[in-house]
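Reviewing the structure listed below.
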Protein chains: 2
Amino acid sequence: MTRKPTLPPDALRPLTADEDAVVRALPSVLYALPRAIDAQMQREQQLSNTEYLSLMYLSEAPDRQLRMHELASAIEMSLSGTTRIVNRLESEGFIKRLRCERDGRSWHASLTDAGLARLEEAWPTNLDAIRRHFLDHLKELDLKKLAAALRNVAT
Amino acid sequence: MTRKPTLPPDALRPLTADEDAVVRALPSVLYALPRAIDAQMQREQQLSNTEYLSLMYLSEAPDRQLRMHELASAIEMSLSGTTRIVNRLESEGFIKRLRCERDGRSWHASLTDAGLARLEEAWPTNLDAIRRHFLDHLKELDLKKLAAALRNVAT
DNA sequence: GGGATATACTTGCTTCGGCAAGTAACTTAA
DNA sequence: TTAAGTTACTTGCCGAAGCAAGTATATCCC
């Protein structure tokens, strides 16, 4: 039972009413919402969100390829998780693995034409899912500030 | 390959620049952030977020107990997932299952004193995780509006 | 009252993800 | 130049969650 030692007293500062309201709404957004988006993507496109993101980041990369650890950090997954995602996408022909010429330990995940086509087929569903589950509910917010805040959260 | 038929044209309406900025930042927030919060809770408190939420909602319920499906909907998990969470928490003595007197098919998950103590031990970590990973990055936002929007997303 | 249906939960099976250990290839330093 | 260390990726093992099927109880309707 190695628990963290006592937290600094600041951690116990009570939440303001507004913060509390945000915190109360958070589980829905952080836990249920990703599952809902994933489920729609899976149902309508047979792609998980991480698979979709992989195709997307690859499509935007120079030469449509990224080294494994670059892809991992783009999709914010562990390297082992990324290995498996690439395995799946490779087995369906959407990605090819290419040896890296400059570093024999390294592989490039390279988006195939089929992979690009798959992405183009899938993105309307992804956009629809994000709109329906998320964007459409934010009408009252200042999106510019929200985007900045979310980028800030991201780091 | 049963794919959804063509989406309504509205789904293809392009994103505004602000919407796009939000969407770009979304994977970090919806996928990486929950993992980060979970990891901190697991590391420092040996509790998953769903376990923590279960204890929390039970502590707030009348008689500190809820029927399984009530708990499931509170924590927004499937019933089978809830069964397993309750199994885990029960095996550690934090929850007891009590037969429902009015309905023989039903069980109450009931928070024990040990469970309440566990919750009280864990909440500062949870609060700290939420603050550090999320709340502290929202300084620029109108939290009242954000809370309303998030509640809106939740439904 | 008793069969058909519905409800509340549990279990079996599968998938996904992380960590830690393993392997191969590169780099550094003696 | 070769042994030690580091890096890039993969594999083995595990836990968590969902769906679909199973079980037990309740309700409905004749």
Side-chain angles (χ1 to χ4, degrees), chain A residues 27-28 30-43 45-54 65-92 95-110, chain B residues 27-28 30-43 45-54 65-92 95-110:
Chain A
S28 279
L30 293 189
Y31 294 89
L33 179 58
R35 280 198 299 263
I37 293 176
D38 265 0
Q40 181 176 348
M41 281 297 286
Q42 199 59 249
R43 197 168 355 100
Q45 293 292 340
Q46 294 79 49
L47 278 181
S48 71
N49 190 70
T50 45
E51 289 166 343
Y52 177 82
L53 288 177
S54 299
Q65 58 182 40
L66 290 170
R67 293 161 68 140
M68 294 298 291
H69 80 268
E70 292 172 328
L71 179 58
S73 88
I75 65 176
E76 295 176 89
M77 293 261 302
S78 68
L79 208 42
S80 63
T82 304
T83 292
R84 280 155 188 143
I85 291 163
V86 170
N87 286 348
R88 277 176 255 155
L89 292 171
E90 192 179 27
S91 77
E92 300 182 286
I95 281 183
K96 266 186 314 204
R97 274 188 174 84
L98 304 175
R99 272 219 106 86
C100 177
E101 288 165 11
R102 306 167 56 195
D103 187 337
R105 295 164 300 179
S106 194
W107 294 86
H108 295 281
S110 162
Chain B
S28 279
L30 292 188
Y31 294 90
L33 180 59
R35 282 199 297 263
I37 293 176
D38 264 0
Q40 181 177 348
M41 281 297 286
Q42 199 60 249
R43 196 168 355 99
Q45 293 293 339
Q46 293 79 49
L47 277 181
S48 71
N49 190 70
T50 44
E51 290 167 343
Y52 177 82
L53 288 177
S54 299
Q65 58 183 39
L66 289 170
R67 292 159 70 138
M68 294 298 290
H69 80 268
E70 291 172 328
L71 180 58
S73 89
I75 64 177
E76 294 176 90
M77 293 261 302
S78 68
L79 208 42
S80 64
T82 304
T83 292
R84 279 155 186 141
I85 291 163
V86 169
N87 286 348
R88 278 176 252 152
L89 292 170
E90 191 179 28
S91 78
E92 300 182 286
I95 281 181
K96 267 185 313 202
R97 272 188 174 85
L98 304 175
R99 270 218 107 86
C100 176
E101 288 165 11
R102 304 168 56 196
D103 186 336
R105 294 165 301 180
S106 193
W107 293 86
H108 295 281
S110 162

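In the text below, chain A, chain B and the rest are named by the order of the sequence lines, each starting its count at 1.
Phosphate contact (OP1/OP2 of D/dT10, side-chain N/O of A/S80, threshold under 4.0 Å): absent. Within the structure, every side-chain polar atom (N or O) of A/S106 is placed at least 4.0 Å from both OP1 and OP2 of C/dA25. Between A/R35 and D/dG18, a side-chain N or O to OP1/OP2 separation shorter than 4.0 Å is present. At C/dT10, none of the side-chain N or O atoms of B/R105 fall inside 4.0 Å of OP1 or OP2 (strictly under the cut-off). In terms of phosphate contacts, A/R88 brings a side-chain nitrogen or oxygen within less than 4.0 Å of OP1 or OP2 of C/dG17. Dashed line: the shortest gap from a side-chain N or O of A/R84 to OP1 or OP2 of D/dG12 is not under 4.0 Å. Using a 4.0 Å cut-off, some side-chain N or O of A/R97 falls inside it from OP1 or OP2 of D/dT10.
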Please walk me through it: do A/N87 and A/R97 pass side chain to side chain contact (heavy atoms under 4.5 Å, CB included)? CA-CA 9 Å; A/N87 286 348; A/R97 274 188 174 84; 2.9 Å; yes

Does the pair B/I95 and B/S110 meet the rule for a side chain to side chain contact (heavy atoms under 4.5 Å, CB included), with working shown? CA-CA 5 Å; B/I95 281 181; B/S110 162; 5.8 Å; no

Hey, mind stepping through A/Q65 and A/K96 against side chain to side chain contact (heavy atoms under 4.5 Å, CB included) and telling me if it holds? CA-CA 9 Å; A/Q65 58 182 40; A/K96 266 186 314 204; over 6 Å; no

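Summarising the geometry, the separation between CD on A/E101 and P on C/dA25 is reported as 16 Å, rounded to the nearest angstrom. For the pair B/E90 CD and C/dC9 C1', the interatomic distance rounds to 13 Å; values are reported in whole Å. Distance, B/L79 CG to C/dT11 C1': 12 Å, rounded to whole Å. Atom-to-atom, CG of B/N87 to P of C/dT11 comes out at 7 Å; the value is rounded to the nearest Å. In this entry the distance linking CH2 of B/W107 with C1' of D/dA26 reads 16 Å, nearest Å. Atom-to-atom, CZ of A/R99 to P of D/dC9 comes out at 11 Å; the value is rounded to the nearest Å. A/D103 has its CG atom 12 Å from the P atom of D/dT7, to the nearest Å. In this entry the distance linking CG of A/L89 with C1' of C/dC16 reads 13 Å, nearest Å.
Separating the CD1 atom in B/I37 from the OG atom in B/S48 is a distance of 13.0 Å, to the nearest 0.5 Å. One finds the CG atom of B/D38 at 4.0 Å from the OH atom of A/Y31 (value rounded to the nearest 0.5 Å).
Using modelled atom types and a 3.5 Å distance limit, the side chains of B/S28 and A/E76 yield a donor-acceptor pair.
Within residues 67-78 of chain B, the residues approached by DNA chain C to less than 4.0 Å at the level of any non-hydrogen atom are B/R67, B/M68, B/H69, in residue-number order.
Residue-level contact check: A/T50 touches the backbone only, with heavy atoms under 4.0 Å from sugar-phosphate atoms and none from bases.
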What nitrogen or oxygen pairs link the protein and nucleotides 21-23 of chain D at under 3.5 Å?
none

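Listed nucleotides C/dA8, C/dG17, D/dT11 differ in distance to A/T83; the shortest reach to its side chain belongs to D/dT11.
Because its NZ or CZ atom is not both nearer than 6.0 Å to the ring centre of B/W107 and within 45° of the ring axis, B/R67 does not count as a cation-pi partner of that residue.
Shortest non-hydrogen contact noted between A/L79 and A/A72 is CD1-CB, 3.9 Å.
Along DNA chain D, the nucleotide nearest to A/A39 and the one nearest to B/Q42 differ in position, and the one closer to the 5' end is contacted by B/Q42. Along DNA chain C, the nucleotide nearest B/G81 and the nucleotide nearest A/G104 are compared for position; the residue whose nucleotide lies closer to the 5' end is B/G81.
The residues A/R88 and A/E51 are annotated as salt-bridged, a charged nitrogen and a carboxylate oxygen being separated by less than 4.0 angstrom.
Side chains of B/M77 and A/R35 form a contact here, defined as non-hydrogen atoms less than 4.5 Å apart.
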